[in-house]
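We count residues from 1, following the sequence as given.
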Amino acid sequence: MILRHAFIPLDNTRLAHLCGPLDEHLRAIEAAFQVHITRRNESFRIDGAKVRAERATLLLQSLYDRAQRPIPPASFQLALAEALQATTTGALDAGAGDAIVLRTRHSDLAGRSPNQVAYLRRILDHDITFGIGPAGTGKTFLAVACAIDALERSAVQRIVLTRPAVEAGERLGFLPGDLAQKVDPYLRPLYDALYDLMGLERVTKAFERGSIEIAPLAFMRGRTLNHAFVILDEAQNTTTEQMKMFLTRLGFGSKAVVTGDVSQIDLPKGTVSGLVEAERVLGRVKGIAMTRFTAADVVRHPLVARIVEAYEAAD
């Protein structure tokens, strides 16, 4: 199918931002949608399968509408991933009316695939939610966004973020610094999500007030977490005992989200992953929700989804 599209009114600055340096945006859209794009001034010609050509045209128009300034690479990749997801599922437009708005500094933060939208809904509706799937599917980022939203609405009094330190013990001792500095590298991805969603100044003040806490999983033993939003990240590296210990920390007025990728287990050989065991044991327990992400939910660079798919095919 051949589609022709002209941008009116003509704005050469917008056209330059739309196409990107050396037309790299157009080449990325061609590769993602398997179409061929040629242009002459403001007129574009898109050759390819009907649905893909139509979606590529809609994406070009959407990018043109926001191209008063150069389009940041991250924004372009997210827009491309969202449009590609809509092409393969046809489900995003139908669910747009049920979009969940979260209170973070990203005013447009929402699920970008049907699975992500369902994941957000399950977090809101359940006290314990599992998000299981490959890298780049937004498991941790969306969970942290939900936690920040709950804190902003005073639905909880604090956020507690935790991860297992797989190298804990003798190996960890070789790292320089005190205990806090030793475990910091394991928790850095959680800091990154907080800084992105709240900003450095607000995160710093929240730590000072004690409304946000980040700690290794080992520090959770013996605690009862009331009125808290608790997130266990990298849960595939917990043992069965650690997972049970974490889930039984939940107190009144609290929510827990457990995220992990069972294809990247770093436990010693022969050790059963607590996440794998929890999915088997708790899958039918009332009040617990499970969301399984796939390569179709990846919202990073399109190449990440293809890498995930390649490894899944090899396995």
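Between Lys244 and Glu241, no side-chain nitrogen of the basic residue sits less than 4.0 Å from a carboxylate oxygen of the acidic one, so the salt-bridge criterion is not met. Taking a cutoff of 4.0 Å between a charged side-chain nitrogen and a carboxylate oxygen, Arg27 and Glu30 qualify as a salt bridge. Using a 4.0 Å cut-off between charged side-chain N and carboxylate O, Glu279 and Arg292 make a salt bridge.
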request  = Could you give me the CA-CA distance, side-chain angles and deciding distance for Leu194 and Ile148, then say whether side chain to side chain contact (heavy atoms under 4.5 Å, CB included) is met?
outcome  = CA-CA 8 Å; Leu194 286 172; Ile148 293 170; 4.2 Å; yes

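When the shell of 6.0 Å around CZ of Arg284 is examined, it contains 12 or fewer heavy atoms from other residues, nucleotides or ligands.
In this structure the side chain of Ser273 never reaches within 4.5 angstrom of the side chain of Thr239, judged on heavy atoms.
Side-chain polar atoms of Arg122 and Thr291 form a donor-acceptor pair below 3.5 angstrom. Side chains of Asn41 and Ser43: no donor on one and acceptor on the other come within 3.5 Å.
A donor-acceptor pair under 3.5 Å is formed between the side chain of Arg249 and the backbone N or O of Met245. Using modelled atom types, no side-chain atom of Gln264 and backbone atom of Asp261 make a donor-acceptor pair closer than 3.5 Å. Put simply, the side chain of Lys255 gets close to the backbone of Leu124: a donor and an acceptor are under 3.5 Å apart.
Annotation: side chain to side chain contact (heavy atoms under 4.5 Å, CB included) contacts of Asp125 (sequence neighbours excluded): Arg121.
For the side chain to side chain contact (heavy atoms under 4.5 Å, CB included) with Ile29, the lone residue among Thr57, Ile46, Ile37 that qualifies is Ile37.
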If you look only at distance, which donor and acceptor atoms sit under 3.5 Å apart when one is on a side chain in residues 221-229 and the other is two or more places apart or in another chain?
{"unit_1": "Arg223", "atom_1": "NH1", "unit_2": "Glu213", "atom_2": "OE2", "d": "2.7"}
{"unit_1": "Arg223", "atom_1": "NH2", "unit_2": "Glu213", "atom_2": "OE1", "d": "3.1"}
{"unit_1": "Asn226", "atom_1": "OD1", "unit_2": "Phe252", "atom_2": "N", "d": "2.8"}

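In the hydrophobic clustering of this structure, Ile132 does not group with Val272; members are Ile, Leu, Val, Met, Phe, Trp, Tyr whose side-chain heavy atoms approach within less than 4.5 Å, directly or through other members.
Ring pair Phe44/Phe7 is perpendicular by interplanar angle, where above 60° counts as perpendicular and below 30° as parallel.
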